[in-house]
Each structure stands twice: as structure tokens, then as C-alpha cells.
Amino acid sequence: LECVRLLRDAGADINQAMIGGATPLFIACQQGQLECVRLLLEAGAAIDQARQNGATPLFAACRNGHLECAKLLRDAGADINQARADGATPLLVACENGHLECAQLLLEAGAAINQARNDGAAPLFAACHFGHLEVAKLLSSYGASRAATPFGTPEEAANRRGHADLAAWLVASRGWT
């Protein structure tokens, strides 16, 4: 944190990206460095500046489950649906990694619940593929589509991966969507 203050006070470019495009804000979000994120945002860091692969600071925070960093970014106006080059959104990576609170934050902020990656995998499919029952319940409560993807349905994904409890819940709750 002190290094960030010194660099800021010396007039360093707070949006200077490394090879690959990671900015100081992206790295702070990826690492869950809340006070650094706060300082960088206060100094005017570009909130949606993406890496070369399209990943934004919000994407990094949600992928790693750093809820408080994600809240700061949301409150500062981050684009909650900005996708990586492969179409993955902050919501999708929060769901595939089982970060329930980050997914809830994004949904409450109006994230596109069925926005899929370029290959067709949507947030509910990702949650089911990786066995995240509570995330699947949350997504269903927001009306997530249970339609088939190029990889099958969320129920098929849960069964294929041995997530019997999740598959059973999906069968029992079919009337939800």
C-alpha cells in the first residue's frame, strides 16, 4: 500500500499496464488488496481497463472471490457484464468458482444472468459442472435458463461430474424456470 502511495504521489501512471495488459488496479483486485484498490480508484484508475485477453479488474476480483474489491468496483461504476475475449463474464467466473457472494452482488447489480461464453457455457451450466449447489440455487432464483448448451443441460453436467446432490435438486426444482 505504501508503495502505491509513493508512486501515486510521484506522478506515476496508475494505468500503466504490464506485458499482457495487467494494470495496478487489476493486480490489486486479483490479489484482494482492498486498500490498494480503494487508493487506486480514488486516484482515478481506469476501472474497466482490460488485459489483452479482455479480463477486467472486476473479472479478477470475482474469479478470486474478493467480494469487498468487487463491491468497490461496482460502486465506482464498473461494467458488470464486460466479457473477456472468450465471452466469460465476471458472473460466469464467480459461478464456476463457487463464489456465491460475488455472484449475488453481480445479480443484484443487474448482471446478465444467461450471458454465455463464446462456446455456449452459461453461468448456471458452469455452476452445475463444478458442483456449486448454492450458486445454482441462487441463479435459479433469478430465473437462469436451464436450456441445453453445446455441452448439454446443467442437469446433465451435474450428473456427468458426479454431483448427485445438485442433480437431484435440479430434478426436484424443474418447475422453477
Side-chain angles (χ1 to χ4, degrees), residues 1-119 121-127 129-139 141-142 144:
L1 182 62
E2 193 56 34
C3 287
V4 174
R5 280 194 184 102
L6 287 171
L7 290 168
R8 177 203 61 195
D9 293 346
D13 179 359
I14 60 170
N15 294 314
Q16 178 63 49
M18 297 173 35
I19 294 173
T23 62
L25 182 60
F26 182 93
I27 294 166
C29 290
Q30 184 177 46
Q31 299 298 317
Q33 298 295 321
L34 183 61
E35 292 310 313
C36 283
V37 171
R38 189 182 323 277
L39 182 65
L40 289 163
L41 288 173
E42 288 170 358
I47 194 165
D48 290 322
Q49 186 172 336
R51 293 190 59 184
Q52 288 174 349
N53 68 1
T56 63
L58 182 60
F59 185 96
C62 291
R63 178 180 55 207
N64 293 297
H66 300 305
L67 178 63
E68 295 305 317
C69 293
K71 283 181 182 177
L72 281 178
L73 295 166
R74 177 209 55 198
D75 293 347
D79 181 349
I80 58 170
N81 291 314
Q82 187 171 335
R84 203 169 54 179
D86 66 357
T89 63
L91 179 61
L92 189 133
V93 296
C95 293
E96 77 182 11
N97 288 295
H99 299 307
L100 179 67
E101 291 177 328
C102 287
Q104 174 100 38
L105 175 80
L106 295 166
L107 290 168
E108 288 173 356
I113 195 164
N114 294 314
Q115 187 173 341
R117 281 190 323 233
N118 298 345
D119 65 6
L124 181 60
F125 181 88
H129 179 80
F130 289 103
H132 302 301
L133 175 60
E134 294 306 315
V135 174
K137 287 180 178 180
L138 172 69
L139 291 166
S141 74
Y142 275 81

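Start at 1 with the first residue, then count along the sequence.
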Student: Does the structure place the NZ or CZ of Arg84 under 6.0 Å from the centre of the six-membered ring of Phe59, at an angle of no more than 45° from the ring's axis?
Tutor: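 No, Arg84 does not sit over the ring of Phe59.
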Student: Set out, in order, the CA-CA distance, both residues' side-chain angles and the distance that settles side chain to side chain contact (heavy atoms under 4.5 Å, CB included) for Leu138 and Leu107, then state yes or no.
Tutor: CA-CA 9 Å; Leu138 172 69; Leu107 290 168; 3.8 Å; yes
Student: Ignoring hydrogens, what is the shortest heavy-atom contact between Ala61 and Ala70? Give both atom names and the distance.
Tutor: CB-N, 4.0 Å
Student: Does some side-chain heavy atom of His66 sit less than 4.5 Å from a side-chain heavy atom of Val37?
Tutor: no
Student: Would you name the heavy atoms of Thr56 and Ala50 that are closest together and state the gap between them?
Tutor: CG2-CB, 4.1 Å
Student: Of the non-hydrogen atoms in Ala111 and Leu91, which two are nearest, and what is the gap between them?
Tutor: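 Here Ala111 and Leu91 meet closest at CB-CD2, 4.2 Å.
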Student: For Ala45 and Leu25, which heavy atoms make the closest approach, and how far apart are they?
Tutor: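 Between these two residues, the closest heavy atoms are CB-CD2, 4.1 Å.
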Student: Looking only at heavy atoms, what is the nearest atom pair of Cys62 and Leu106, with distance?
Tutor: SG-CD1, 3.7 Å
Student: Please check: side-chain N/O of Asn118 versus main-chain N/O of Ala85, any donor-acceptor pairing under 3.5 Å?
Tutor: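 Yes.
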Student: Rounded to the nearest 0.5 Å, what separation is found between the SG atom of Cys95 and the CG atom of Leu124?
Tutor: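 Here the interatomic distance stands at 8.0 Å.
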Student: Between Arg74 and Leu58, is the side chain to side chain contact (heavy atoms under 4.5 Å, CB included) condition met? List the steps.
Tutor: CA-CA 8 Å; Arg74 177 209 55 198; Leu58 182 60; 5.7 Å; no
Student: Please answer whether the main-chain N or O of Ala121 pairs with a side-chain N or O of Asp119 as donor and acceptor at a distance below 3.5 Å.
Tutor: yes
Student: Minimum heavy-atom separation for Asn81 to Ala112, with atom names?
Tutor: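 Minimum heavy-atom separation between Asn81 and Ala112: OD1-N, 2.8 Å.
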Student: Roughly how far, to the nearest 0.5 Å, is the CD atom of Gln33 from the CG atom of Leu39?
Tutor: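 Separation between the atoms: 12.0 Å.
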Student: Between CD of Gln30 and SG of Cys69, what distance do you get to the nearest 0.5 Å?
Tutor: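 Rounded to the nearest 0.5 Å, the CD-SG separation comes to 11.0 Å.
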Student: For atom CD of Glu101, decide whether the heavy atoms of other residues, nucleotides or ligands shown that lie under 6.0 angstrom number more than 12.
Tutor: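 Atom CD in Glu101 is not packed in, count stays at 12 or less.
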Student: Among residues at least two apart in sequence or on other chains, which ones pass side chain to side chain donor-acceptor pair (under 3.5 Å) with Arg63?
Tutor: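 So Arg63 forms no side chain to side chain donor-acceptor pair (under 3.5 Å) with any residue.
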Student: Whether the side chain of Gln49 engages the backbone of Asn15 through a donor-acceptor N/O pair (distance < 3.5 Å, no angle test) should be reported.
Tutor: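 Yes; at least one donor-acceptor contact below 3.5 Å.
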Student: Mind checking the CD-CG spacing from Gln16 to Asp13? Nearest 0.5 Å is all I need.
Tutor: 5.5 Å
Student: Are side-chain heavy atoms of Gln115 and Leu92 found at a separation under 4.5 Å?
Tutor: no
Student: Please list, chain by chain and in numerical order, all residues satisfying salt bridge (Lys or Arg N to Asp or Glu O under 4.0 Å) with Glu68, sequence neighbours excluded.
Tutor: Lys71
Student: Kindly write out the residues that satisfy side chain to side chain donor-acceptor pair (under 3.5 Å) with Gln104, not counting sequence neighbours, or none if the list is empty.
Tutor: Glu108
Student: State the CG-NE2 distance between Leu67 and His99, to the nearest 0.5 angstrom.
Tutor: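 That separation rounds to 10.5 Å.
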